[in-house]
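Have a look at the structure below, then the notes.
Protein chains get the first letters and strands the later ones, always in sequence-line order, with residue 1 at the start of each. Model, not experiment: these values are computed from the prediction.
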Amino acid sequence: MAAERYDALRRERHWQAVWDERGLFRGSEDDRRPKYYVLEMFPYPSGRIHMGHVRNYTMGDVVARYMHAKGHNVLHPMGWDAFGLPAENAAFERGIHPAKSTYDNIAVMRGQLKRLGLSIDWTREFATCDLDYYHQQQRLFLDLLKAGLVDRKTRKVNWDPIDQTVLANEQVIDGRGWRSGALVEQREQPEWVFKITRYAEDLLRALDRLERWPDKVRLMQANWIGRSEGLLVRFAVEGAPPEGHDVLEVFTTRPDTLFGASFLAIAPDHPLAKAIAETNAEAGAFIDECHRHGTSAAEIETQEKKGFDTGLRVRHPLIEGATLPVFIANFIVMEYGTGAIFGCPAHDQRDLEFARAEGLPVLPVVLPPGENPKRFAICEEAYTGDGLLINSSFLDGLDVAAAKDAVAERLTKKKLKGKPVGDRQVQYRLRDWGISRQRYWGCPIPMIHCPSCGIVPVPESDLPVKLPEDVSFDRPGNPLDHHPKWKHVSCPQCGGKAMRETDTMDTFVDSSWYFVRFCAPKSHEPTDLAATRHWLPVDQYIGGVEHAILHLLYARFFTRAMHKTGHVAMDEPFRGLFTQGMVTHETYKDVHGKWLLPEEVSRKDGEAVHAKTGEPVTVGAIESMSKSKKNVVDPETIISAYGADTARWFMLSDTPPERDIEWSEAGVEGAHRFLQRMWRLVREAAAKGAPPSGAKPAKFGPGAEALRRAAHRSLAAVTAAIEKLRFNTAVAQIHELANALSSGLQSAGPHPAPDQAYALREAAELLARIASPMIPHLAEECWAELGHETLLAEEPWPAPEKALLLEETVTIAVQVNGKRRDELTIARDAAKEDIEAAALKLENVVRAVGGRKIKKVVVVPQRIVNVVA
RNA sequence: GCCCCAGUGGCGGAAUUGGUAGACGCGGCAGACUCAAAAUCUGUUGCCCGCAAGGGCGUGCUGGUUCGAGUCCGGCCUGGGGCACCA
């Protein structure tokens, strides 16, 4: 046979056109088949698709095509997470209007995605920056407002004092503004928030029911919500505290350690700290110092612990006459609990470090098991485990749990200024979701500030609040705020002069309901309830693990909020979640320390050199592909060199989908080689095999039988692997079937007998069918080559012949004292006694036992025998 | 700093979830075909000892549970993700 090669590029275009023409992938609400909603996280239109997209959308496409073949009415849509900071940054840097760059990018990326051959219902496509989408989102905002789920709160932001603008954490580099280079400061400002904390308990509890979510994501969300039970303790402030601050409230999860307390600490933003600063310049300076860095948690918590002694003291609630100093401390945040803590250095690492720095006492009150109470002391590490209480009056001898109860019991009964000293409380780490952004490229918040009526919503009839197109990016800050006319409006209530809200919404709002909009993307309402009832929840959601907390938690909250406001009829948006790994690549630096693209590097005698200059290149760590480190490979170059199926096959092969995959040229070539091999095998089988209409022979010889068994085993294994999203093992199984077909073709010779001819074509057909979700173009080509007039994309998923899956004999290992000494091939259903008898007769076993007395024989049928001697 | 995850041959990884560690692929080695190369095909390939039969070691390190541990438990080490205004 001529060594004709499969022309992937030409044939892929052909099959894409055929599928498209038939409208195969449109999801319909009028369909009796069971629905299946597959969704991959929609892309930000950054310019071109990257390898992460290829991986993500290939996985989703396998699921979509597989469920389609399994007889489901599949919804598999695509859209664009189109608002966001990068387009706005580009506008500032290069003067391109965000709308233009965004829609241009979408056009490019849509074409790229289409060339991947994804089974997407493109009729439902939209971008979040489409006026229609953000119009509906403004209506949702107003509904949430009416439902009491929107609030206005003061929050801290990164402030660039030179550019006079708010910075995203991303724009703060080493504590400085990315453009001005100025040291960033914290600043408080009023913002719109969604009251996600109202759902904290429900969001936490419902995690238990998300059975098809990875445990690690559920755990991360649970930790993020951070429910903790504890005690609110009210301390009486001694002397003459600022007005209204004679009681200081502290939340603690460790009331048992109260006898070991040596100080109180309050956040720099605590009202008491602010009040003190009004009369105490030193305190004010300290607070300013605390504000002289960004707002990110990592930044705050890795600082050196610093405190300012306010001079105030509070009375210890359980020790008569004892008092504790009150500090302002840089590691206490106002956002959690009451913004104040009592410090027990012996049993909390942060408190210990602070106490050492400030020279405060460290008194152990919990004794680790096995320690001597007289000699036990804390050195460099706080003890946070369980034990019995010491040095603690009436708590002595109790364990931690009992001591917590005893303290709570005592303090809830005590009174301070008419309130109990202690209140049992549940606190959450979760904070309300601040959605205000001082940016242009986002959904305008439909509110108006009126000097006489206050803040009033834009009436529904005045919606949408449209982004003005004539904005300039010639100076830092929010272009909406700088716009000469846009924000000046009349108050919808009194008609007087008023100002529009110039903040836009966090883009996480956009991505919190796009999956709902896909159910009825053209509806004149935000949602079509019937359509949402039909499609939701999303059956399988696939995306990067980097979204495990924020996006997924916000979407879960927003779905609840939409339920409350009558836009959907359910609470949990994603029944199944899969978090894929990233795509990584080696990094390269030239002699000047500048990052190099992989295509700028070549190999010479095993050493990496610059492709043009020949200068040596330093090969760095394997990291996730990122523009900043230039370790990116454009999927387009792979698709145009090898075709989409090769890119898809590479992405699914070898590496488990949840793990990071390393991109390599060799891997791509290997993937391409297999596709060519599969093509050759199927063509040969088509030439030698029985025709599609051929009858099934009554009997099969051993060779044909073996091939049939291999084919059906692979079918069963691939089916199971796809169901569990274990694409790498599915690929391995497909390799095995290709190997079996290859040896079948060889042993059958040039003129196969009828039973062989039948088995060959059956194996080739099954090969094409089980590979079709992953490499749909080649599979379609193979299907046609095998003489079929139908489209493989419209064929149902085959079922294996059960009789071919069961072997009559099994080979089991025989161990002596846990070490494998021999193996035993025996009837599958052999009795335990027979297995044991056969095992003990084995020469190797007899030798290993060496005449010792046999104490016990463990027999696990179909698995193992272990002789204990 | 806090939370989460991962670690198995030269490499990516498999292992019916406590039961033959290394399926499948990449790479290597040997061979076939070829004037030659590419492509393709066949065999082989964890490490050590041994002609072989066979034996020893082996799933990041370390201790434990068990007839039996890559898998479960304790303590470490290394790498990665998230940390609320990147998406």
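Residue A:L219 is the one, among A:D432 and A:L219, whose nearest nucleotide of RNA chain B lies closer to the 5' end (criterion: closest heavy atom).
Using a 4.5 Å heavy-atom cutoff, the side chains of A:E188 and A:D269 are in contact.
Aromatic ring centres of A:W663 and A:F650 lie closer together than 6.0 Å. For A:Y514 and A:F42, the distance between ring centers is under 6.0 angstrom.
A cation-pi arrangement, defined by a distance under 6.0 Å to the six-membered ring centre and an angle within 45 degrees of its axis, is present between A:R429 and A:W224.
Rounded to whole Å, the distance from CD on A:E823 to P on B:rG54 is 11 Å. Separating the NZ atom of A:K853 from the C1' atom of B:rC67 is a distance of 15 Å, rounded to the nearest angstrom.
Residue-level contact check: A:W433 touches neither bases nor backbone, having no heavy atom under 4.0 Å from any strand. At a threshold of 4.0 angstrom between heavy atoms, the contacts of A:T811 include nucleobase atoms, whether or not backbone atoms are also involved. Here A:N739 lies in heavy-atom contact (under 4.0 Å) with sugar-phosphate atoms only.
In terms of phosphate contacts, A:R218 brings no side-chain nitrogen or oxygen within less than 4.0 Å of OP1 or OP2 of B:rC3. For the pair A:R659 and B:rG7, the criterion of a side-chain N or O lying under 4.0 Å from OP1 or OP2 is met.
Less than 4.0 Å separates RNA chain B from no heavy atom of any residue of residues 663-671 of chain A. The stretch residues 723-734 of chain A touches RNA chain B through A:R726, A:N728, A:T729, A:A732, each having a heavy atom under 4.0 angstrom from the strand.
Using a 4.0 Å cut-off between charged side-chain N and carboxylate O, A:R437 and A:D503 make no salt bridge.
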